[in-house]
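Let me begin by presenting the structure, written as structure tokens, before commenting on it.
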Amino acid sequence: MSNSFRTTNSIGLINKDKKINFTFNGTIYHGYEGDTLASALIANGVHLVGRSFKYHRPRGFLGVGVEEPNAMVQLHDGNKSEPNIIATEVELVEGLKAKSQNCWPSVQFDIGEINNVLNRFFPAGFYYKTFMWPKSFWMKIYEPFIRKAAGMGKAPLLPDPDRYEHNYEHCDVLVVGSGPSGLASALAAAKNGARVILAEDKPNFGGSLLTDEVTIGNMSGKEWASDTISQLKSMPNVILKKRSQVFGYYDHNMTVMIERVSDHIENPSKYTPRQRLHYIRAGEVIVSTGSIERPISFGNNDRPGIVLASAAKEYMKVYETLVGKKPIIFTNNDTAYSTALEFIKNDIEPIIVDTRDSSNGELVKEVQQKGISIKFNSGIADTKGHLKINSAIIGKLDSSKESFISEETVECDCICMSGGWTPTVHLSSQAGNKLKFNEDIDAFVPDKKRQKETAIGAANGSFTLNQSLAEGFQVGFDLSNKFTDQNNPTNSPNSNEPSYEKHEKLWCMPLPSGKKPKRFIDFQNDVAVSDVELAIREGFRSIEHVKRYTTLGMAGDQGKTSNLNGLQYVSKIEKKIVPEVGHTTFRPPYTPVTIGAIVGREVGNHYLPTRKSPIHTWHEENNAVFVAAGLWQRPRYYPRGSEDMNSAVNREAANVRKNVGICDVTTLGKIDIKGPDAPEFLNRVYTNAWLKLPVGKARYGVMLREDGMVFDDGTTSRLSENHFHMTTTTAQAANVLSHLEYYLQVVWPDLDVNVLSTTEQWSGIAVAGPKSRDLLSKLFPDVDMSNEGLPFMGLVDSSIDGIKARIYRISFSGELAYEVNVESNYGLYMWKKIMEVGQSFDIQPYGTEALSTLRIEMGHVAGAELDGRTIPFDVGLNSMVSQKKDFIGKRSLSKDAFTESDRQTIVGLVPLDKKTKIPEGSHIIEDNSAVAPIPKLGHVSSSCWSVEYNNPFSIAIIKDGKNKIGKNLYAVSPLKDISIPVEVVSSHYVDPEGSRVRS
Amino acid sequence: MLEIKCPYCGKRSQNEFSYGGDATIKRPQLGEEISTEDWDNFVYYRDNPRGKHSELWHHVSGCRQWFKVSRDTATHEIFDTCKMNEDFNV
């Protein structure tokens with residue numbers, strides 16, 4: 001087939017000199033530059049594009065743009081494959097591959113069509129009714145069946161190779177839609193000096209001006225549009241965006257727009273994004289989104305070849321394509337007559353069926369003058385043709401228009417229907433605008449606005465060109481005046497368009513005699529008139545309930561063509577006026593948006609920032625296996641040869657206990673605290689006393705939340721009278737800083753203290769083990785490293801090779817240990833220096849796993865114990881709690897529940913067989929043979945292999961822990977289906993007196 | 001996404017800020033004798049109004065200042081923002 005449905009004129013926007021080849025369902029076709037996939041298929045006589053959602057009925061094109069509910073296809077192959085793409089929105093590009101979806105084995109012969117034959121078993125609410133019982137069937141039978149049957153296209157299983165970008169824009173006035181009112185408002189606002197963004201979904205600006213026979217000033221509508229666009233293009237305060245759909249309107253005038261940047265380009269550069277998501281914060285938003293034509297419900301009104309009249313006109317005028325050569329125009333209003341005239345221009349005589357008794361509209365007269373007779377007071381009762389329409393049954397309506405008096409069958413190859421026009425109010429409604437019903441046009445229009453949003457033109461129910469232009473120029477000027485002081489209005493030019501008579505309030509045809517064909521309202525969701533009737537019969541009164549029960553107006557389509565017809569029908573059955581029925585909520589996105597565009601560049605390594613210590617390269621070079629600690633990458637362990645994790649960790653930890661180890665602790669949070677009230681502030685923040693800490697000394701501190709739970713711990717040292725250096729855990733660093741700022745700025749603004757994060761400024765290196773003193777004495781020969789010279793919790797400043805270093809004598813491992821801090825840039829240098837000097841002391845680096853082993857053995861608490869559910873008493877930190885002073889959270893500690901003696905507290909656990917490792921998270925129970933529900937005593941928080949005793953050891957938090965020491969209990973892990981007999985011991989498993997750190 | 005006017009930096013998008021709860025809550029004085037009920041009211045209990053609400057926000061990805069915002073919880077309209085030592089104008 002070769003474009004046999006092209007017109008012979010060249011009035012449109014396609015370039016017949018440039019052929020473009022594409023494939024649909026495996027067949028190669030050609031179209032032309034400027035075509036959409038839809039127009040090119042229609043030009044080739046292809047109307048059958050897919051199968052419907054529920055009944056698998058053959059479907060074709062209903063519309064020509066974003067309103068299309070049927071023609072969704074799967075584009076491309078492999079990792080570029082994308083489902084549910086609206087064919088009317090796809091610009092033709094060389095080599096494009098598309099296929100039908102929701103059909104098997106093919107769109108012509110689809111097994112799923114049995115659903116259509118069985119349709120009386122699939123009424124509205126089918127799933128709710130059918131899959132209720134037996135309950136046990138849900139997981140194994142119903143749910144997998146529904147999953148298989150649901151959905152349209154197939155999601156690709158491979159990562160998306162395309163590039164997507166995000167952009168943030170600000171402007172004074174955002175104009176959405178470039179029809180007559182949009183262009184007018186953008187021009188008026190821009191001429192008045194406002195910063196304007198004009199967004200158009202289609203590849204061409206102009207909206208209805210591209211297809212309507214009108215004049216503005218001394219130009220045709222199309223010429224005026226192109227002239228206005230050139231003016232706007234030349235203005236530096238204007239951004240014009242075509243192929244750009246504003247799909248969401250959020251709070252504080254934040255709108256989101258998707259721009260199709262390179263979908264229409266044959267071989268885009270790999271650095272060109274496929275699509276770009278724009279977040280536009282606009283001072284004012286002008287909604288000039290126009291209107292969408294309404295279908296009419298009649299028997300089998302969903303066959304391929306049945307289209308909206310306006311779509312048929314646009315296919316002819318923009319794409320030079322005929323939707324058919326034997327058309328029937330079916331309408332309840334005058335506008336469809338412009339489609340009839342367009343057919344006549346192409347030497348095709350349409351049959352015109354009009355539900356009204358008569359019309360004296362200009363276009364109607366023009367058609368009549370061409371000798372075409374019009375079947376007034378008539379409607380289409382039914383249609384025939386399996387994969388494409390081939391005839392229609394036209395009926396004469398009786399006076400009530402509730403039934404047909406007579407019926408005749410007429411051959412046709414397309415029906416162009418028009419039920420009038422619905423303003424596109426989605427964005428206004430998303431913005432919180434309370435819509436009102438306009439009885440003149442039988443549709444909702446924006447009314448009470450909540451945000452800075454103004455609808456104009458057809459979107460505001462102003463259906464004449466004069467009105468649209470006048471509103472556009474006025475609103476564009478008025479709104480821009482809020483941002484500029486130029487006060488420069490633009491006058492609206494005179495315009496000319498045909499006059500229209502009123503539409504008839506009739507959107508649903510009676511059934512043909514003796515038959516009950518489906519009369520569809522919502523094509524995308526396969527909702528017919530009978531489904532709405534059923535919902536109401538079954539007692540669903542609220543329109544929101546009718547929507548959910550029938551799925552009318554849901555999903556990607558958002559009721560663009562179906563919403564009002566559904567409401568009209570509900571109002572008819574309920575004998576209520578439409579405003580009483582109300583309308584459902586329009587939700588973003590207005591059109592489906594590719595997930596890749598929403599994600600943007602935040603994929604792979606860009607998903608989160610990565611923080612690396614200055615020593616990171618050394619860890620990499622030395623075979624470190626890394627682990628994520630928040631955003632940080634930390635060495636987990638350093639395997640040697642074929643070592644597995646357990647043996648590497650045990651070796652590293654044992655070496656710390658025996659010789660000396662080195663660990664990168666740069667990631668610890670560090671906060672610089674200065675000011676005359678700094679000691680008082682720390683005294684309030686920490687549970688222990690801080691006023692008398694001598695200069696040059698560090699102290700361990702615990703801080704609580706106001707509810708008494710332990711928040712964080714760390715050592716803080718006094719560098720001078722009013723200057724402290726606080727350390728926090730890696731995980732809580734950011735939260736602690738916010739916490740300190742909160743108390744200084746909000747609660748105690750009278751305290752004269754400043755806090756500043758210095759985490760990135762210092763690199764920290766822990767040197768731990770019995771040989772650490774000898775090592776550091778050799779490295780810093782000027783420093784007296786003796787127990788007297790640098791005692792436990794002391795600190796001293798020194799330097800080597802001109803690099804300043806601060807040496808703290810603090811320990812997390814429970815061994816004699818130091819922490820050397822240098823300016824970050826020298827972290828790597830100092831690390832290498834310590835490694836070099838450490839060789840003769842058998843130094844080995846250790847990672848976070850060995851670090852954990854060492855602290856667990858010592859019973860030092862960390863994040864797993866300080867989990868936001870423990871007070872100091874629970875985790876053995878009661879000695880840290882001052883009785884003499886008040887501090888954050890202290891009052892909570894004296895609450896009844898917090899003073900009960902049998903609270904869950906920290907203990908150690910050793911498996912009786914000294915072999916089985918206890919999984920973290922295991923439950924502790926007393927009686928292994930008890931029947932469920934078994935009382936739970938507590939849980940295992942941390943587990944390790946004790947390198948000191950060479951057996952597993954765990955920390956647990958259990959009820960009345962102190963009095964359980966010496967008892968045998970069970971650690972059970974239902975997930976791993978194991979139960980381990982354990983003995984409760986002190987959590988201070990190694991060196992309970994703490995003599996090593998002080999040695 | 002809300003647009004919040006930091007009294008120090010000007011208008012910024014919500015993703016630069018973190019929410020800090022009811023701004024009218026006053027912490028009891030240090031060392032103050034206080035009943036459990038009053039303490040619980042301070043720690044746990046908050047009004048959840050529909051409409052105007054005084055709240056704290058923290059400009060975490062900006063100047064790191066805590067400040068006050070008067071916001072409608074139903075419509076998200078922000079009536080005013082001010083520094084901690086100031087009062088709202090509206």
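Below, all heavy atoms of this structure are taken into account, side chains as well, without hydrogens, waters or symmetry copies. Within every chain, numbering begins at 1; the chains are lettered A, B, ... in the order of the sequence lines, protein sequences first and strands thereafter. Remember, predicted model here, so these are calculated numbers, not experimental data.
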Portion of [X] that has a non-hydrogen atom of chain A nearer than 4.5 angstrom:
X: M84(B); answer: side chain
X: W66(B); answer: both
X: Q29(B); answer: backbone
X: S13(B); answer: both
X: F67(B); answer: neither
X: R64(B); answer: both
X: I34(B); answer: both
X: H58(B); answer: side chain
X: D40(B); answer: side chain

Tell me, do [X] and [Y] make a side-chain contact under 4.5 Å, heavy atoms counted?
X: E32(B); Y: R891(A); value: no
X: L30(B); Y: W748(A); value: yes
X: M254(A); Y: L2(B); value: no

Please look at [X] and chain B and tell me whether the side chain, the backbone, both or neither of the residue comes under 4.5 angstrom of a heavy atom of that chain.
X: V747(A); result: side chain
X: R281(A); result: side chain
X: L737(A); result: both
X: S894(A); result: neither

Reported NE2-to-NE2 distance for the pair H76(B) and H252(A), which is rounded to 0.5 angstrom |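 Separation between the atoms: 7.5 Å.
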Does [X] [atom1] have over 12 foreign heavy atoms under 6.0 Å away?
X: K449(A); atom1: NZ; answer: yes
X: N85(B); atom1: CG; answer: yes
X: N48(B); atom1: CG; answer: no
X: N754(A); atom1: CG; answer: no
X: R27(B); atom1: CZ; answer: yes

Shortest non-hydrogen contact from [X] toward [Y]:
X: K895(A); Y: Y44(B); result: NZ-CE1, 3.6 Å
X: Y250(A); Y: M1(B); result: CB-N, 4.1 Å
X: D251(A); Y: T75(B); result: OD1-O, 4.0 Å
X: D886(A); Y: G31(B); result: OD2-N, 2.6 Å

What residue, out of L744(A), D896(A), D707(A), I888(A), has the most heavy-atom pairs lying under 4.5 Å from chain B?
-> D707(A)
Looking at R450(A) and E77(B), does any basic side-chain N land under 4.0 Å from a carboxylate oxygen?
->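 No, no charged N to carboxylate O under 4.0 Å.
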